[in-house]
Amino acid sequence: MEIEEYGEKFASPFLKKALKIHSDTRRFMSDFLKDRGFIELPPVIISGVTDPLNHPTSRSQIEIYGHIYELTKSMIFHKQLALHIADKIFAFSPNIRLEPEKRKTTGRHLIEFTQIDVEMRNTTREEIMDLGEDLVIYTMKKITEQDGDLLSSLGRKLKIPSKPFKKITFTDAYNEFSDKFEEELSKKAKEPFWIIDIPLKEREFYDREDPKRPGVLLDMDLIYPEGFGEAASGGEREFELNQIYTRIAKKNQKPEQFKWYIEFGKKFGFPKSAGFGIGIERFVRFITGAKRIEDVTPFPKGIGEFFPL
Ligand code: ASN
């Protein structure tokens, strides 16, 4: 992106409106969680361990004082471990994911984005999904109330979803639409819906395997309607050391990659918890109806080119 293009972008009425809605979205999400007793955790941007993710993103590391730091891909481990401080936590977590070039034109990928990452002790997937539904509905309602005029001027009419959101298992979705199920289902849907029971090989080691159904995880993705695609992912977490080792091995990964997380857990325990993360820019894109995620944020970092600011 050239410097001149920032001038055009900043002068665009769309960005002005989207940025106000972006700012309010963060406020309402935070208000909702704090009202429910969640404590906000400051973001972690570099650390000795980060989310391995299930899809290929190149490693992003920096060397400081002769030590290698990972740039945060998600705060999954930090939010789990922070449950030793409080039972309900969340963070506005900036993530860096060096996505493959083939995702350049999806309209919903940035290499730097923020997710609101939520985690709660001693809770089930069903309870955390219920919380996620309330959070999405509350935020959409508040935006409609406070920024209704802005939305109308963007030609966007938001339909407030009703609870409970529909659920479809990964296997049923895959059997019906094969590889492109997420896209197809998202295009057909009028309200957000969940994809649940994602198979073990499709996800990271930390999502909990259902003890009653080996190979099936107690996790979920939230998908927006109207073709806006994935909103969130989450699940219950593995909390038994043996199972954590088994799951790491099944991904052909090595415990050394997660050394600091494992050492902490061995000393102080892995909390039994569930949680999810909702991408903020994607949520704002859905709320505003923007074509590209780049359009809802002033300094986007897209895939495959240099964005100087
Ligand atoms: N935030 C996600 C979760 O809670 C993890 C991720 O973003 N990869 O499961």
Side-chain angles (χ1 to χ4, degrees), residues 29 33 38 40-41 43-45 47 49-60 70-83 87-100 103 108-133 135-136 170 182 194-210 216-224 229-239 244 247-248 251 253 257-258 261 270-283 293:
M29 295 182 98
L33 289 167
F38 283 77
E40 182 171 359
L41 199 63
V44 170
I45 296 179
S47 81
V49 60
T50 195
D51 192 331
L53 299 179
N54 196 57
H55 67 283
T57 61
S58 15
R59 285 168 88 82
S60 32
E70 301 277 350
L71 300 178
T72 295
K73 289 178 180 167
S74 92
M75 268 176 64
I76 179 71
F77 300 135
H78 296 82
K79 63 176 186 165
Q80 282 178 272
L81 301 180
L83 293 175
D87 287 348
K88 297 160 136 192
I89 55 111
F90 76 97
F92 283 103
S93 167
N95 294 176
I96 301 288
R97 298 184 184 178
L98 306 182
E99 300 284 353
R103 293 190 161 173
R108 56 190 191 87
H109 286 94
L110 293 172
I111 62 167
E112 178 191 69
F113 67 94
T114 296
Q115 64 173 314
I116 191 164
D117 227 337
V118 179
E119 200 73 18
M120 185 172 166
R121 235 187 217 270
N122 295 326
T123 192
T124 60
R125 172 177 66 173
E126 279 57 41
E127 284 163 352
I128 209 77
M129 285 162 82
D130 190 59
L131 180 89
E133 293 180 6
L135 172 61
V136 167
F170 180 100
E182 191 177 298
W194 299 102
I195 292 178
I196 58 166
D197 293 353
I198 298 163
L200 190 142
K201 68 172 176 26
E202 303 289 338
R203 283 296 262 260
E204 300 86 350
F205 75 83
Y206 50 75
D207 281 352
R208 183 153 196 247
E209 186 172 11
D210 188 343
V216 177
L217 302 180
L218 291 168
D219 64 355
M220 71 284 182
D221 277 347
L222 179 65
I223 312 293
Y224 292 123
E230 190 192 306
S233 61
E236 289 182 28
R237 315 301 180 188
E238 295 292 2
F239 57 91
I244 289 174
R247 296 288 309 282
I248 291 175
K251 298 299 295 183
Q253 289 162 343
Q257 190 183 334
F258 311 105
Y261 168 68
F270 296 98
K272 192 164 185 279
S273 71
F276 58 81
I278 299 182
I280 302 291
E281 293 85 350
R282 285 183 179 181
F283 195 15
I293 196 166

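Counting starts at 1 for both ligands and their atoms, following the listed order. Hydrogens, waters and symmetry mates play no part in the numbers below; they use all other heavy atoms, side chains included.
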So, [X] and [Y], do they make that salt bridge, N to O below 4.0 Å?
X: E204; Y: K251; value: no
X: R125; Y: D207; value: no
X: E230; Y: R103; value: no

Will you find, in the side chains of Y261 and Q80, an N or O donor that is under 3.5 Å from an N or O acceptor?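 There is such a pair (donor and acceptor under 3.5 Å, judged by atom type) between the side chains of Y261 and Q80.
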For G235, is the nearest heavy atom under 4.0 Å from an atom of ligand 1? no
Between ligand 1 and R97, is the shortest N or O to N or O distance under 3.5 Å?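 Yes, R97 has an N/O under 3.5 Å of an N/O on ligand 1.
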For ligand 1, find out whether one of its N or O atoms is nearer than 3.5 Å to an N or O atom of N95.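 Not met; the criterion fails.
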Quick note on ligand 1: atoms under 4.0 Å from a heavy atom of G277 include exactly 1 (N), 4 (O)
Using a strict 4.0 Å cut-off to heavy atoms of L53, name the atoms of ligand 1 that fall inside it.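 Listed by number with element: 8 (N).
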Less than 4.5 Å apart, any side-chain heavy atom of I111 and any of R97? no
For ligand 1, which part of R237 has a heavy atom less than 4.0 Å away: the side chain, the backbone, both, or neither?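 The answer is the side chain of R237.
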Identify which of Q80, Q115, M75 has a heavy atom lying nearest to atom 7 (O) of ligand 1.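 When every heavy atom of Q80, Q115, M75 is considered, Q115 comes closest to atom 7 (O) of ligand 1.
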Determine, considering heavy atoms only, which of N54, D117, T72 sits nearest to atom 1 (N) of ligand 1.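 Looking at heavy atoms only, D117 sits closest to atom 1 (N) of ligand 1.
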Name the closest protein heavy atom to [atom], giving the residue it belongs to and the distance to 0.1 Å.
atom: atom 2 (C) of ligand 1; answer: S233 O, 3.7 Å
atom: atom 5 (C) of ligand 1; answer: Y206 OH, 3.6 Å
atom: atom 8 (N) of ligand 1; answer: D51 OD2, 2.9 Å

Please state whether the rings of F283 and Y224 are parallel, tilted or perpendicular, taking 30° and 60° as the class boundaries. parallel
Tell me whether the rings of F77 and F205 are parallel (<30°), tilted (30 to 60°) or perpendicular (>60°). parallel
Name of the residue among R121, M120, E119 meeting side-chain contact (heavy atoms from CB on, under 4.5 Å) with K88: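 The passing option is M120.
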